[in-house]
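To keep things clear, I will list the structure first and then write my remarks on it.
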There are 4 protein chains.
Amino acid sequence: MLLPALREKVLHANREIARRGLAPHTFGNASGISRSGSEPLVVIKPSGIDYAVLTAADLVVAKLNGKIVEGNLRPSSDLDTHNYLYREFPQIGGIVHTHSEFATSWAQACRPIPCLGTTDADYFHGPVPVTQPLTAEEVSEAYVRNTGAVIARRFRSENLDPLAVPGILVAGHAPFAWGKTVTEAVENADVLEYIARLAFRTVLLRASRDLSELSDSEIPAYVSEHHYQRKHGPKATYGQP
Amino acid sequence: MLLPALREKVLHANREIARRGLAPHTFGNASGISRSGSEPLVVIKPSGIDYAVLTAADLVVAKLNGKIVEGNLRPSSDLDTHNYLYREFPQIGGIVHTHSEFATSWAQACRPIPCLGTTDADYFHGPVPVTQPLTAEEVSEAYVRNTGAVIARRFRSENLDPLAVPGILVAGHAPFAWGKTVTEAVENADVLEYIARLAFRTVLLRASRDLSELSDSEIPAYVSEHHYQRKHGPKATYGQP
Amino acid sequence: MLLPALREKVLHANREIARRGLAPHTFGNASGISRSGSEPLVVIKPSGIDYAVLTAADLVVAKLNGKIVEGNLRPSSDLDTHNYLYREFPQIGGIVHTHSEFATSWAQACRPIPCLGTTDADYFHGPVPVTQPLTAEEVSEAYVRNTGAVIARRFRSENLDPLAVPGILVAGHAPFAWGKTVTEAVENADVLEYIARLAFRTVLLRASRDLSELSDSEIPAYVSEHHYQRKHGPKATYGQP
Amino acid sequence: MLLPALREKVLHANREIARRGLAPHTFGNASGISRSGSEPLVVIKPSGIDYAVLTAADLVVAKLNGKIVEGNLRPSSDLDTHNYLYREFPQIGGIVHTHSEFATSWAQACRPIPCLGTTDADYFHGPVPVTQPLTAEEVSEAYVRNTGAVIARRFRSENLDPLAVPGILVAGHAPFAWGKTVTEAVENADVLEYIARLAFRTVLLRASRDLSELSDSEIPAYVSEHHYQRKHGPKATYGQP
């Protein structure tokens with residue numbers, strides 16, 4: 001069996017997608033690449049197989065041109081996107097595609113995630129970008145490969161470094177994340193979801209402030225004072241003496 | 001030990017508060033009443049005791065006037081609210097107070113939960129009411145007892161049946177629920193939280209519709225068609241052949 | 001016992017409703033139909049039985065006219081809706097009714113879920129439709145059966161294929177999903193909830209954008225740059241050397 | 001090994017950060033201080049170590065000036081913030097920093113959390129404050145220490161008591177909480193997240209009310225009445241007879 005060590009890492013990353021709740025059912029996929037042999041080889045999840053029963057032997061090994069080298073199962077239907085990104089970003093070693101809930105919602109809203117806090121800044125050097133929608137021609141010509149192409153186009157047009165910006169939202173679809181290894185890629189996919197959650201709530205809080213002035217809506221001081229004192233004051237009645 | 005069977009039911013209901021995530025830490029409390037003896041007796045959670053270590057023997061037995069009949073621990077600091085409700089609503093046998101997340105958010109927003117669907121209608125005969133805020137006098141005079149009084153006032157003013165409307169939101173505080181038994185009460189507290197979740201999202205969906213016209217924002221048909229066909233069409237490429 | 005294999009599948013689908021959190025308490029129900037015998041027979045959950053204690057023997061077998069063929073328990077109170085749909089859609093083999101949180105919120109908002117991304121497109125050929133509300137006459141005449149009738153009416157009026165659009169929102173109530181088998185039906189019910197979650201957040205993000213311009217609200221570059229460098233730069237201070 | 005009892009408490013508090021879901025990955029950290037010896041000593045989590053594998057022996061002991069007294073690992077990169085707060089607030093014995101989801105969203109929105117209910121009042125004597133953003137000079141001079149400085153500045157300018165207001169939001173970053181002990185600190189960090197959840201939903205409910213009048217949008221009484229009666233009326237058809 002080719003690439004047993006890489007298979008284990010790719011298997012683990014695929015299981016992490018399920019364990020971290022980054023994709024329901026058989027959605028999502030992780031791959032890793034070996035660039036050390038005579039020719040680069042990609043190890044990727046087979047299509048439509050449940051994460052719970054997936055084994056290292058089920059993984060599919062393919063060349064960067066899509067030709068299957070080893071494996072009895074059909075590879076992930078997103079293989080051509082992975083391959084496009086491996087060719088475009090020679091510095092990356094693993095890719096994870098999820099349909100994680102909040103990142104996918106941002107992708108569906110076709111909005112980049114602004115850098116709203118240090119959680120973002122620790123992982124992403126700037127906003128999380130979003131692609132342009134694919135055109136009708138791109139879809140009919142080669143939908144999966146062109147999903148890679150619109151990602152690459154965004155990185156070129158903004159001159160982004162894929163290791164400093166380790167993920168993107170595909171408009172109307174879902175996120176892709178990557179890293180130097182597939183283990184890094186799945187961590188980045190998880191943090192991307194976390195950032196998306198924080199940003200979702202931050203933008204709603206900001207929008208609500210524009211709608212509603214809250215200064216007069218706190219509970220009256222005579223209530224809050226009473227509650228604080230019954231728990232912490234000299235005559236507290238909460239808990240055991 | 002007095003009332004061993006009722007103690008078990010009250011213990012179970014208290015544990016359900018924790019197990020169903022209806023209150024963090026030691027927040028929340030459940031009680032049951034025995035009306036069959038010479039004098040009604042209330043069995044209630046002691047104050048500030050962790051649900052995980054609570055035993056039937058820890059529960060406190062009190063009269064409706066608040067006098068402790070059995071128990072080494074201080075009763076829940078909300079005992080006077082429970083007692084007020086037991087006196088006001090002779091048809092109820094159990095009360096559950098939680099700080100469950102969505103019901104408490106509605107209570108803090110001082111809004112009744114409108115009857116927006118059949119999930120509500122299956123349990124609540126009409127909207128979930130909200131009390132008026134307590135006045136400064138009511139807080140300083142007898143905060144806990146007057147929490148019962150504002151609940152009773154809302155039921156009287158709207159002529160509500162406490163078995164048909166088995167719960168209420170106390171403005172700026174949190175929900176109380178009840179039932180013919182403490183087991184019913186905790187189920188009603190749980191359903192009230194469920195209703196509050198549904199209603200929260202329903203009102204946001206309605207408000208967002210007022211803001212934003214979505215008809216032009218679906219993904220293009222050439223994308224959705226492509227995705228549908230690659231999974232279900234005659235030349236599907238998803239999954240294994 | 002009639003139809004033992006179908007009973008096992010229907011039992012499993014009912015348990016999936018609980019395990020996937022698609023309905024609280026005893027809400028929700030799954031059924032399957034056998035069309036191979038001399039007369040079609042429906043296997044359905046009994047009413048008000050907890051999912052945790054449900055067994056294959058508890059399931060009720062009924063004819064399409066509602067007559068009970070086997071079973072000691074009362075069938076789901078929604079049986080007549082299931083039967084209506086089995087008569088209307090001869091191509092389906094299983095039906096799942098849930099009160100899943102986000103799909104029910106859309107149903108309560110009386111809004112179809114627009115097709116906002118490829119997650120939708122993979123399962124639903126177009127938006128998730130919503131019924132018209134039942135009229136007072138329909139409710140008083142035969143509420144449960146007419147719930148099936150308003151579903152059927154929407155499919156006829158829009159000329160929808162029930163296998164391409166495997167579910168609907170009943171206005172002011174909750175979702176129904178179906179499939180060629182009851183196993184497919186419960187997967188479709190779960191994906192419908194997922195789609196509803198994504199769409200809820202997408203429409204809020206879009207509405208918030210209309211309210212609030214965020215371009216000036218990112219954290220300052222001197223903060224984000226500092227955070228990025230302390231984790232990834234040549235003089236990183238995060239983690240172990 | 002220095003301070004074995006305090007190490008155990010600090011270890012437990014760090015594990016609580018993970019168990020309660022207050023920070024993903026290796027984000028977040030807890031420390032405790034011993035002020036009883038000849039010189040105060042701080043016990044703190046090492047940087048970038050997974051909570052699941054953390055042991056008491058991994059913890060780092062440092063002086064208030066940052067000098068390491070015991071430990072083979074690099075301390076949390078936030079040590080200088082902890083030390084600043086221990087010097088500023090002599091009455092506190094433990095500090096917990098998280099990136100909990102809702103509190104961080106408020107921090108990113110740069111909004112204090114108003115006191116909207118008694119859940120807040122039980123723990124925080126007034127709103128949860130938010131710092132001013134750090135200036136470019138403060139970031140470049142000593143980012144971590146100046147994070148402590150902006151916290152202290154807010155407490156001084158509003159004359160707040162750190163035991164009555166046991167936490168703060170750092171603008172564009174995340175919350176810090178504290179208490180007389182590290183055990184209290186982690187409970188306060190958890191309650192702060194709870195308060196932030198409640199307040200998030202409360203302000204959205206209030207904003208939505210400003211947008212949308214709901215009085216005409218309940219389900220029709222003929223539907224809610226029917227549902228209520230089929231479950232609770234004399235001719236109920238739900239559940240078993």
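What you see below is based on every heavy atom in this structure, not just the backbone, and it leaves out hydrogens, waters and symmetry mates. Note on naming: letters A, B, ... go to the chains in the order of the sequence lines (proteins, then strands), and numbering restarts at 1 for each one. On a predicted model such as this, the values are computed, not experimentally measured, just so you know.
In the displayed structure, B:D50 atom CG is contacted under 6.0 Å by more than 12 heavy atoms of other residues, nucleotides or ligands. Enclosure of atom CD in B:Q132 is not indicated, since only 12 or fewer non-hydrogen atoms of other residues, nucleotides or ligands lie within 6.0 angstrom.
Interface remark: C:A171 contributes no atoms to any contact with chain B (heavy atom separation under 4.5 Å). Using a 4.5 Å cut-off between heavy atoms, B:A199 contacts chain C through its backbone alone, with no side-chain atom that close. Contact of C:F27 with chain B is made through the side chain alone, with heavy-atom distances under 4.5 Å.
Atom CG of residue C:D120 and atom OH of residue B:Y228 lie 13.0 Å apart, to the nearest 0.5 angstrom. Here B:L116 contributes atom CG and C:Q108 contributes atom CD; the two are 5.5 Å apart, rounded to the nearest 0.5 Å.
Chain B is approached within less than 4.5 Å, heavy atom to heavy atom, by no residue from residues 179-191 of chain C. Residues from residues 80-102 of chain C that place a non-hydrogen atom less than 4.5 Å from a non-hydrogen atom of chain B comprise C:H99, C:S100, C:E101, C:F102, given in numerical order.
Taking each heavy atom of B:L205 and C:R111 in turn, the nearest pair found is O-NH1, 2.7 Å. Minimum interatomic distance between C:S105 and B:T202 (heavy atoms only, all atoms of both residues): O-OG1, 3.5 Å.
Ranked by heavy-atom pairs under 4.5 Å with chain C, the first of B:R201, B:R197, B:R20 is B:R201.
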